[in-house]
Amino acid sequence: MTSNNIPIGPYHPLLEEAEYFNLVVDGETVVDIDMDVGWMHRGHEFISEQKTFTQSIYLVERICGICSTSHPIACVHAFEDVDNTEVPERAAYIRTLIGELERIHSHLLWLGLAGHFIGYDTVWMWAWKYREPVLQMFEIISGNRNHYGMMRVGGVAKDVDPDSIPELMKNLDMIDKKMAMIAKVAKDDPVLRSRLKNVGVLTQQDAIDYCAVGPTARASDVYTDVRKDEPIDAYPWIDFDEIVLPNGDVYDKLVVRVLETIESTKICRQCLEKLKTVKGPILNNVKEISAGEGLGRYEAPRGEVFHFVKTDGSNRPVRHKVRAPSYVNIPTFTASCKGIPVADALITLASVDPCYCCTERSFKIVDKNHDPYQLDLLKLSQQKTEQIRREIHAD
Amino acid sequence: MANEHDFFKVMKEQVSEIIEKKYRYYFVVDDKDLHDVVSYLFRNMGCRLSTATATENYGSIEVLYHFSHDKTGTYYCPRILMADKENPQMNSITPIIKGAEWIEREMFEMYGIDFKGHPRKEPLLTKDNPTVRKQPLRVRRVS
């Protein structure tokens, strides 16, 4: 049997960042995978070192369009870590509220796309329908649907209007009901289970070896959640559960995200209740950041976002290191993709939630002579779901 | 599993210049002791490697690894200093931690650090880019 290479990317609808995956397949089975990054390198670290601290926050907000508040939160944590700057209580609740709303919209976005990749377009349309009210909540709070511009060193830029809290609560109630329905579907639907169970398994040891973070690690029985490990902002005062599942397959990654979304609505509700009663300033007046090193992180929807800054007492960082969660989650494909059928590769690559965009998909299969052979991975994946559906219904 | 007090007791010969902050420890490690320190952090204490930061200082190039001890929320940051800025060399930790492969490749690409024992010594971001000159992209060699 001959082995072929299947290049995915560098521009592909599966990936928000342009990245290149080379699957080596033997017949129907993936035997090896190689990754090539750097297509989207924009030099954010270097640019940040030319900017003032406040400008850096503005800059890092634009690293990612989906987790656009996780980077600023980790960044201000790093700046605050240099001098152990305190944040007012009201600002801490607002930060946590924004961060958790982002988790809800990001997980719903992933859920929709995961549904689409396996041929469940109803899931796609419904998940994105329920995501829309979350974006409206952002607009109510910050005036923006994306890039909220809320984070500042020592607090937040905007307060939450108390009159808007009932409407925000109403939206959360709606999301709760819909997420309960989606959780039930994930549990009961035999096609979904058959299609995702034991697919793309990342073992606990592999998750530890590759230093995986976020839902990718938590679905492999690894307890790692910045909100629990190093609770900052309002997390020490909030009651929520860390969702950890044992199997490491795509199904568990889906369930982790669905259950986490329900936990996030719980957190948002507690924050909004507190914002009714906790008064006071939302921003401490930080005039300067002294020379030193600061390290900040936040649990983004995809896992730990890490920022490190080195300062010299001037108004800008002399070194700013940024590490997004996909940077450590993508190399886990080396472990999770080997030995799986090609039809499952698409959903396995999507299962760590590497950012998405709406660019045109582009890939081709070449044999050893580099002759092109067109094959649609998306169709393959959807056909497999359809086949499972037929088999289950025939029984 | 070992804790932070054990770490500084066991590794007292290997670490120096300890800077202690709330939930953060920064300390200097000699290159020859790096594998011992990293093995202890990763295998004995169950730390997770978040990432590493390379920086060009006036007198040296430094690499700062960031190990997160998730059970206590504490960071352990071993610092390696390389005085030879023209040919910085140090041991790779990728043979111990697979998750260090990408970041060490990136530091090699940006700062020209030769990680001895790295299984895949090639640039991460500009691997097949024909227009990029094969030299460290960020280092200015200020001395």
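None of these values were measured; they are calculated from a predicted model. Residue numbering restarts at 1 for every chain, and letters A, B, ... go by the order of the sequence lines.
- Using a cutoff of 4.0 Å between basic side-chain nitrogens and carboxylate oxygens, A:D34 and B:R120 are scored as salt-bridged.
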Full working for salt bridge (Lys or Arg N to Asp or Glu O under 4.0 Å) between A:R319 and B:E62: CA-CA 12 Å; A:R319 180 77 176 97; B:E62 76 166 51; over 6 Å; no

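- For the atom pair CE of A:M35 and CG of B:L124, the computed distance is 10.5 Å after rounding to the nearest 0.5 Å.
- Listed by sequence position, A:D229, A:E230 are the residues of residues 225-239 of chain A in contact with chain B, using a 4.5 angstrom heavy-atom cutoff.
- Note: B:Y26 leads B:Y26, B:F42, B:Y23 in heavy-atom pairs under 4.5 Å with chain A.
- Residue-environment remark: CD (A:Q50) exceeds the threshold of 12 foreign heavy atoms within 6.0 Å.
- Side-chain contact between A:Y327 and B:I103 is present, with at least one heavy-atom pair separated by less than 4.5 Å.
- The side chain to side chain contact (heavy atoms under 4.5 Å, CB included) with B:K98 is formed by just one residue from the set A:D209, A:T332, A:I208, A:T334; it is A:D209.
- Under a 4.0 Å N-O distance rule, the pair A:K321/B:E106 qualifies as a salt bridge.
- With a 4.5 Å cut-off on side-chain heavy atoms, A:L295 and B:C77 count as touching.
- Between atom CG of residue B:L64 and atom CD of residue A:E293 there is a gap of 6.0 Å, rounded to the nearest 0.5 Å.
- Of the atoms belonging to A:V213, it is side-chain heavy atoms, and not backbone ones, that fall under 4.5 Å from chain B.
- Counting heavy-atom pairs closer than 4.5 Å to chain A, the top-ranked of the candidates B:S68, B:G99, B:P123 is B:G99.
- Each of B:H66, B:K21, B:E101, B:K22 has some count of heavy-atom pairs under 4.5 Å with chain A, and the biggest count is that of B:H66.
- For residues 304-316 of chain A, heavy-atom neighbours of chain B at less than 4.5 Å comprise A:E304, A:F306, A:F308, A:K310, sorted by residue number.
- Both the backbone and the side chain of A:V37 come within less than 4.5 Å of a heavy atom in chain B.
- Of the atoms belonging to B:A52, it is backbone heavy atoms, and not side-chain ones, that fall under 4.5 Å from chain A.
- In this structure the side chain of B:K71 never reaches within 4.5 angstrom of the side chain of A:Y223, judged on heavy atoms.
- Atom SG of residue A:C211 and atom CH2 of residue B:W102 lie 13.5 Å apart, to the nearest 0.5 angstrom.
- When all heavy atoms of B:S50 and A:V328 are compared, the pair lying nearest together is O-CG1, 4.2 Å.
- Without hydrogens or angle criteria, B:R24 side chain to A:D81 main chain gives no donor-acceptor distance under 3.5 Å.
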